[in-house]
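If you're wondering where the values come from, they're calculated on a predicted model, not measured in any experiment.
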Amino acid sequence: MLVAHATWHGGALCLWAERTGPYEPSPDVHPFATRDFTGTSYEPLVRTGFRVELSMTLPTRGDHPLPSAELGPEPVRDEPELRPWRVPALVLEPFPAMALLQAAEHAADVVPGTDLRFLCLLADEAVHLAGRGHVLPALLREDGDLVARWRPVIDDPARFRDLVRAMPAACRAADGGRPAAEVLREALSGLVDTAVRGVVPHPLLVSRRKEPDRLPLAERWVMALTGPSAAVAREPRDDPSDLMAELDAWAAAARRPSGPLRVCFRLAEPGAEEFGTPDPFGEPEGAGEAAAREEPDGDSWRVEFALQGTDDPSLYVPAALVWDGEATSVPDAEETLLGGLGRALRLFPDMAPALDGPAPSELVLDTAGAFRFLRRAAPMLAAAGFGVLLPQWAGKAKLGMKLTTRTDDPEASSGAAAPSGFDLKGMVDFRWDLAIGDETVDEAELEELARLKTPLVRLRGQWVELDERQLEAALDFLRHPRRGRMTAAEAIRAIVHAGDDALPLTEVDAGGPLGDLLSGEADRRLTPMRTPEELDAELRPYQERGLSWLAFMDGLGLGALLADDMGLGKTILVLSLLVHERERGARPGPTLAILPMSLVGNWQREAAKFTPKLRVHVHHGTGRHRGDGLVEAVAGADLVLTTYGTAARDAEALAAVEWGRVICDEAQALKNSGTRQARAVRSIPARTRIALTGTPVENHLTELWSIMEFANPGLLGPRAEFRRRFAIPIEREGDEQAALALKRATQPFILRRLKTDRSIISDLPEKQEIKVYCNLTTEQASLYRATVDDMLQQIAEADDKQRRGLVLATMAKLKQVCNHPAQLLKDGSRLPGRSGKLQRLEEICAEVLEQGEKALVFTQYAEFGSMLQPYLAARLERPVLWLHGGTSKQARDDLVQRFQDDPEPAVFLLSLKAAGTGLTLTAANHVVHVDRWWNPAVEDQATDRAFRIGQTRNVQVRKFICVGTMEERVDEMIERKKALAESIVGTGEDWLTELSVAELRDVLRLSPEAVSD
């Protein structure tokens, strides 16, 4: 097995690989590293690379670097040390490097490591920036030579910060390591330069009679911008300082201006009132017009200039009022307006005529100019921090395709339930039309639009952007057959894959069963099902509907994603499906359920309890069957349970079995599609597949693609195409059309219900979340101050590569101080009277026990839990159960059963990582998070051990926070940035490592109110 790695070093992509096998210990040579890709799909992409040797600082244990996660992480008890290792690598030229990054994730014979996958993401980012025109040319000095480069315009600083935080350490491990922001900026600049050169024609200038070295410097620079080499030919008379200064000023104009006011540009369509705020942008005038036409003679488009509040966009002062002296309440209004217009001129050269007068207030444009403003100037101005106000229709009313299908089902018109559902092989009539919004466009109208050759047209009362590329795509569309018959399966695939940027699929009108499936209303066609007789439980109404849906999808041969909220009973639904199909006399092949290790016992218990007639076999552990023994064991089973790790190791053996169905529980384990585990699970063939997860998207839309690729292989197309069509437009640009298209493509295959939806489940009790603020003791406060002071002094003296480790280490120490001094000191000293948190925890647990109730207490530190367990047991005079990562499976099951069945009040102490998922602990109606985990999803999963079906009492959730410490301020940050929670806290605490020393001091400082009296 070969795992490919990459780093950006010396201005180029450096590629190496890691392999498995025996090794010869060496004091400084990486024993598993290679640059030999012979015989792999990478070979033709790296032929031109030249050989180098890098010094990589890598996590090390003993005499060898730790293997990457893709090879299977090596268990490590102690913190690994960082050591430099000599690594053989290949340095790739820009174009081969870009080609490799765009192909690396699709290779079947080489596994990309996290560092290489991150650089693939950066390559996509570079292409995206180049495609949107968010690049600027530059003239730079590199090693004494002049070079022409394209550099990115970072239009989203938050996105840049997220990429910095997400960068794997291996990407910057060369030569002792560099700051992530520096590596990111250098890599993104290099990749953007390559991306632009790949699409800009060469030469950009018309040919001249002069030799290149006799051309003026500016023209030689432009030629270098568009050619394969960035070098600018030099002459002795050259003085590049003026050109460089001009280009630097251009780049500075593209950066976001600061201050309370900014210049704003408002596009007003013909007939719009002269001045106003953003509110007048309502529906276009002229509704009801029947045909396309140009704007009336004499009407013009206008770009109005104004001042707008940076923090309060509702503060809007038109330029005419500024020049008339009516903006007296706005300080420095004239200077701010003139300065802003001057900076904007570099990004919007068409504005020059409007600035000739002494009081510029607007720019008059024709239709072509308005279109250029919409497509080119407006995005650049917005990216540079200027205000831009566009009509509501801008970017929305687009020409697209509409698919209409009608089934042969005679009961379709009545809406009656079809007794047997419908067959994907059944035929449907289809018709393709062109449409703008809700209006279809006939051929005559399209020909008129093509004749007008104007990029902005008025069609039936609304303005529509229509460039030449869209018109060509539409005319080409008309040349193909647009009516006929196809199977329902072909219709589904057509809907998923139809359309592109030029001519997207904007609407589907499907009738009958297919329409119900595509609209997410398949329950209108489902055969109503009751709880199976052989199920020893009574399904709730929503569960019976879920069972009908699973049976419906199974009958169609379609994979399903059951995304019900945690605790709604996904396991029992699957068991019900197995019982149901056997009650009908069917003899399906065995079902393979792939689970996290922590859920194997849960599935065994639920199968034994609710479906005792099902034959269950567990394929796990050193004594598991292999070869013919496995085939024989599976043949005698209805349900086979295994773990993700076992499935990855035994993928070849499991693939040899004829499975009726493969199920993945907690299917977010497949979210990284390129991992060995995800690829192994996808390689196991089955008639149908079911993915179970309450969190189908945790961080990025590509996670949904990976899960859907398991459930319905190929349905959403290749991953790169999915990113281009859906993930990038939706995540970065908020593209509503792309979001609608993705929903339309995935909705038929996903069933999602929430616990909080009273129409789904009305008898689930309430959940009350309480923040419990604790004071530090004097000892804790003293330790806290000493730890912060020590860290700030070290950071002030440290170089950049040491900074990250110092911050994370200090945060861990401060969390331990907030818990208890003994946890930080590790001296085995006494616990009573030294921690505000411990005192409050003891009080809450005592109150719970006095009320005859039970509590779950979560901590992220196993060492702290081991200290708490005997202490609480002695103080409360009750047994305190303790479950952590070292607890065996049998002991774990025994603890859960004891807690659930014992009628006496109890406290269950749990390690967050070991017990945050996979357990049902509804005997508790109190949950305490002693030390916060800064990812809310992780805390919620732990809370849902108690707040789930089977819970009959209201659940109180308490989250401990030490007053006046970093715990309180980070909690405040999370609350203020809820909209960014996924991208910030999803990466743990890494984002804090990028703060300045002053910002760190503010976050970590100890407030006076922190210490108790």
Side-chain angles (χ1 to χ4, degrees), residues 155 249-250 252-286 295-296 298-395 456 463:
D155 60 330
W250 188 7
R255 299 191 187 105
R256 295 179 178 269
S258 58
L261 294 172
R262 63 181 179 181
V263 171
C264 181
F265 300 90
R266 173 186 181 233
L267 178 64
E269 63 193 58
E273 54 184 272
E274 186 172 356
F275 298 117
T277 62
D279 295 333
F281 289 83
E283 292 297 322
E285 297 179 359
E295 70 273 13
D299 282 359
S300 300
W301 297 80
R302 290 175 292 108
V303 176
E304 298 173 355
F305 309 151
L307 289 178
Q308 185 183 43
T310 304
D311 297 323
D312 180 12
S314 64
L315 173 60
Y316 183 88
V317 184
L321 297 182
V322 174
W323 304 127
D324 290 344
E326 298 182 29
T328 55
S329 61
V330 180
D332 303 322
E334 292 187 6
E335 292 81 355
T336 301
L337 182 59
L338 277 177
L341 291 173
R343 289 193 303 272
L345 182 62
R346 297 179 182 276
L347 304 175
F348 184 23
D350 288 358
M351 188 173 61
L355 302 187
D356 289 341
S361 60
E362 67 176 20
L363 172 67
V364 178
L365 297 171
D366 58 12
T367 300
F371 183 75
R372 286 197 304 274
F373 179 81
L374 276 172
R375 287 292 179 91
R376 300 176 189 173
M380 287 293 289
L381 290 168
F386 294 95
V388 177
L389 302 176
L390 303 176
Q392 288 184 353
W393 50 261
L456 283 171
W463 286 97

**Request:** Decide yes or no on ring pair (Phe, Tyr, Trp, His ring centres under 6.0 Å) for F348 and F386, but give the supporting numbers first.
**Result:** CA-CA 12 Å; F348 184 23; F386 294 95; over 10 Å; no

**Request:** Show your reasoning for whether side-chain contact (heavy atoms from CB on, under 4.5 Å) applies to L389 and C264.
**Result:** CA-CA 8 Å; L389 302 176; C264 181; 3.8 Å; yes

**Item:** V303 and L365: CA distance, side-chain angles, deciding distance, side-chain contact (heavy atoms from CB on, under 4.5 Å) verdict
**Value:** CA-CA 8 Å; V303 176; L365 297 171; 3.6 Å; yes

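Judged purely by atom type and a 3.5 angstrom limit, D366 uses its side chain to pair as donor or acceptor with the backbone of G369.
Of all heavy-atom pairs spanning V317 and L321, the tightest one is CG1-CB, 4.3 Å. Summarising the geometry of S361 relative to A319, their closest heavy-atom pair is CA-CB, 3.8 Å, with the distance given to 0.1 Å. Minimum heavy-atom separation, G309 to R262: O-NE, 4.4 Å.
For D350, the salt bridge (Lys or Arg N to Asp or Glu O under 4.0 Å) partners two or more places apart in sequence, or in a different chain, are R372. Every residue two or more places apart in sequence or in another chain that forms a side-chain contact (heavy atoms from CB on, under 4.5 Å) with L338 is listed here: W323. Taking the side-chain contact (heavy atoms from CB on, under 4.5 Å) definition, one finds that L341 meets it with V263, F265, F305, L337, M351, L355, P360, sequence neighbours left out.
Annotation: the span from R266 atom CZ to R302 atom CZ amounts to 7.0 Å, rounded to 0.5 Å. Between the CG atom of L315 and the CG atom of L261 there is a distance of 6.0 Å, given to the nearest 0.5 Å.
W301 places none of its side-chain heavy atoms less than 4.5 Å from the side chain of L374.
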